[in-house]
There are 2 protein chains.
Amino acid sequence: MSTDSPPIEETPLRADAARNRERILEAADEVFSERGADASLDDIARRAKVGIGTLYRRFPTRDALLAALCDERMFALAANSRTRDDTMEPGASLRTFMVELATHASHYQGLAVVLGAVLQSQTAGCHAGAAEGMRLLDRAKRENAVAMDVSFDDLLCVITATSLAAGQGGPKSRITHLIDMFFNGIKRG
Amino acid sequence: MSTDSPPIEETPLRADAARNRERILEAADEVFSERGADASLDDIARRAKVGIGTLYRRFPTRDALLAALCDERMFALAANSRTRDDTMEPGASLRTFMVELATHASHYQGLAVVLGAVLQSQTAGCHAGAAEGMRLLDRAKRENAVAMDVSFDDLLCVITATSLAAGQGGPKSRITHLIDMFFNGIKRG
DNA sequence: TAATAAGTGGAGAATTGCTCCACTTACTAT
DNA sequence: ATAGTAAGTGGAGCAATTCTCCACTTATTA
């Protein structure tokens with residue numbers, strides 16, 4: 001719930017600080033990829049050749065760092081979805097979005113657990129991603145493609161579960177399988 | 001996958017050791033309830049008035065301690081299910097079991113994340129619980145109450161997500177809502 | 001009532017998170 | 001150019017935590 005303060009003003013970084021910020025993000029991507037989303041922040045600072053204090057100054061929490069890393073990708077995700085949506089059934093469109101988001105959320109081991117927190121951080125990309133998800137859900141409900149009592153949180157919950165399962169070593173097809181089950185239900189007869 | 005070595009032989013504990021084991025379990029239940037499943041093990045040892053070495057000797061890992069705590073409850077869960085199952089449709093029976101398991105898994109904050117690991121530990125109760133779940137799923141498939149391509153891991157995944165969502169402060173009704181969605185599917189039209 | 005196997009506790013090493021502040025450096029106004 | 005200053009930096013250091021190791025203690029048994 002609750003996302004209506006879109007653009008957060010930021011005083012522009014000094015040139016050296018911007019450079020360091022980029023270095024930290026690169027190092028963080030490497031280290032998180034190798035060791036998972038709960039890797040040591042000291043490792044990241046060391047690999048970026050930056051003091052640990054600098055890392056904390058720029059990213060006060062681990063979630064802030066993860067959110068910054070997700071930002072670009074989430075932007076792309078939302079953009080893809082918007083173009084795709086023109087030529088797709090609302091249900092299928094929502095389903096595709098969920099698969100993509102779940103795939104993203106299993107990019108680092110352990111990212112899924114904090115996905116909710118990351119999505120609520122007010123970076124532009126995360127904001128765009130969440131907004132797009134809500135838009136798709138609304139449209140699907142309006143056109144009677146999904147049940148009315150489904151909330152965005154419910155979707156997020158399923159996405160988290162899916163990423164969690166995929167992250168624990170299962171094959172990639174597991175993601176679509178789980179999300180399909182969620183769309184179609186497992187009950188028969 | 002993989003559970004066919006049921007009864008693990010244990011050489012009986014010395015009287016004082018058994019007493020300490022019980023003290024540790026009581027303290028662990030208190031501390032985990034207050035501070036979540038990732039609380040400090042030192043705190044637990046201190047509350048149990050036992051050295052930290054004693055705790056580690058009895059429970060080599062955090063998961064082992066959690067598994068021991070889950071043991072009794074899982075036993076009860078499996079027993080309840082078995083008696084209930086006589087008078088219930090297979091689909092409804094499975095659904096009820098999942099709601100109960102998810103409720104249990106949100107008993108401590110953060111327990112859900114390690115539920116899979118805990119269930120695979122070979123304590124008698126966890127073994128009984130997992131076995132019962134598999135039995136229910138098999139029967140439901142055999143009587144054509146749920147789809148054939150649903151695995152026990154899939155159920156566990158949904159249960160984990162559900163507990164995760166419930167544990168993060170949502171109301172208890174969330175559990176049944178999520179599991180119902182999973183049974184019925186969200187697609188309409 | 002020895003003998004001994006089982007059990008105990010806690011010091012301490014290793015790791016990590018995070019803060020604080022004395023120093024350094026890029027920007028800008030003149 | 002350059003002086004003034006706000007922004008930025010790095011890493012020492014404290015606190016919390018996990019986990020091991022082993023000299024000591026105690027229940028059990030023959």
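Between the CG atom of B:Leu55 and the P atom of C:dG7 there is a distance of 15 Å, given to the nearest Å. Per the geometry, CZ belonging to A:Arg35 stands 11 Å off P belonging to C:dT15, to the nearest Å. Rounded to a whole Å, the CZ atom of B:Phe59 is 17 Å from the C1' atom of D:dT18. Distance CG (B:Asp63) to P (D:dC19): 10 Å, rounded to an integer number of Å. The distance from atom OH of A:Tyr56 to atom P of C:dC18 is 4 Å, rounded to the nearest whole Å.
Salt bridge B:Arg95/B:Asp180: present, at least one basic N to carboxylate O contact under 4.0 Å. The pair B:Arg19-B:Asp16 does not meet the salt-bridge criterion, since no charged nitrogen lies less than 4.0 angstrom from a carboxylate oxygen. Between A:Glu132 and A:Arg135 there is a salt bridge, since a side-chain N of the basic residue sits under 4.0 Å from a carboxylate O of the acidic one.
Heavy-atom neighbours of B:Glu89 CD from other residues, nucleotides or ligands within 6.0 Å: at or below the threshold of 12. Atom CD of A:Glu143 sits in a crowded spot, with more than 12 heavy atoms from other residues, nucleotides or ligands closer than 6.0 Å. Around CZ of B:Arg35, the count of heavy atoms belonging to other residues, nucleotides or ligands within 6.0 Å does not exceed 12.
Of all nucleotides listed (D:dC19, C:dT19, D:dG8), D:dC19 comes nearest to the side chain of B:Ile52.
The only member of A:Leu66, A:Leu65, A:Ile44 that meets side chain to side chain contact (heavy atoms under 4.5 Å, CB included) when paired with A:Phe59 is A:Leu65.
For the OP1/OP2 pair of D:dG8 and a distance below 4.0 Å, the side-chain nitrogens and oxygens of A:Thr54 include no atom meeting the criterion.
Take the nearest nucleotide of DNA chain D for A:Arg57 and for B:Leu13: the residue whose nucleotide is more 5' is A:Arg57.
Of the residues in residues 14-21 of chain B, those with a non-hydrogen atom less than 4.0 angstrom from any atom of DNA chain D are B:Arg14, B:Ala15, B:Asp16. Of the residues in residues 38-47 of chain B, B:Ala39, B:Ser40, B:Leu41, B:Asp42 come within less than 4.0 Å of DNA chain D through at least one heavy atom, sorted by number.
Residues B:Asn20 and B:Thr54 bring no donor and acceptor atom of their side chains to less than 3.5 Å of each other.
A 4.5 Å side-chain heavy-atom check between A:Phe182 and A:Thr162 finds every atom pair outside the cut-off.
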